[in-house]
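Have a look at the structure below before the remarks.
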Amino acid sequence: MAELTLEERVAALEQSVAEWRQSHTAGPPTTGKWWEQVGAPFNDDPIFNEMVEYGRYSRKTGREAPPDWKPGDPIPEPDAGDQLP
């Protein structure tokens with residue numbers, strides 16, 4: 001069997017990518033949480049929900065939550081010097 005040229009290999013790769021894109025974008029756009037879209041069983045997991053709250057604290061304030069902060073506590077507004085660039 002003859003070895004494929006670089007152009008033939010690239011053409012085959014482009015075809016594979018086009019087929020993959022078509023198979024993964026055929027449905028209507030989905031909405032909701034990313035873990036629901038991929039079928040992850042996180043909806044009722046209290047540990048996952050707690051982790052989400054710590055992430056929310058970090059994104060809003062730009063720093064980790066202090067040890068005495070618990071999910072459900074208010075998240076303080078970031079100080080002007082604490083905001084991320």
Side-chain angles (χ1 to χ4, degrees):
M1 179 178 212
E3 196 170 314
L4 296 175
T5 66
L6 181 58
E7 290 176 5
E8 291 169 328
R9 291 173 61 193
V10 170
L13 181 61
E14 288 174 337
Q15 179 64 33
S16 295
V17 169
E19 290 171 3
W20 182 86
R21 280 185 178 167
Q22 185 177 15
S23 68
H24 285 79
T25 58
T30 57
T31 59
K33 299 173 181 157
W34 65 264
W35 56 87
E36 292 171 346
Q37 295 175 22
V38 297
F42 297 132
N43 294 339
D44 297 321
D45 186 347
I47 294 171
F48 179 77
N49 292 332
E50 186 175 311
M51 180 200 63
V52 168
E53 291 301 314
Y54 279 99
R56 188 171 287 129
Y57 185 103
S58 178
R59 284 190 308 276
K60 185 171 182 180
T61 64
R63 61 183 186 271
E64 288 186 27
D68 60 338
W69 185 87
K70 301 291 181 232
D73 290 350
I75 299 174
E77 292 295 324
D79 295 330
D82 290 342
Q83 292 183 355
L84 298 174

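Annotation: E64, atom CD; neighbour count of heavy atoms from other residues, nucleotides and ligands within 6.0 Å does not exceed 12. Residue I47 places its CD1 atom among 12 or fewer non-hydrogen atoms of other residues, nucleotides or ligands, all under 6.0 Å distant.
Across A65 and Y57, no two heavy atoms sit closer than the pair CA-CE2, 3.3 Å.
For S58 (side chain) and Y54 (main-chain N/O), no donor-acceptor pair under 3.5 Å exists by modelled atom type.
Within the model, atoms CZ of R9 and CD of E3 stand 7.5 Å from one another, a figure rounded to the nearest 0.5 Å. Between the CD atom in E53 and the CG atom in D73 there is a gap of 10.0 Å [rounded to 0.5 Å].
Residues K70 and E50 are not in side-chain contact: their nearest non-hydrogen atoms beyond the backbone lie 4.5 Å or more apart.
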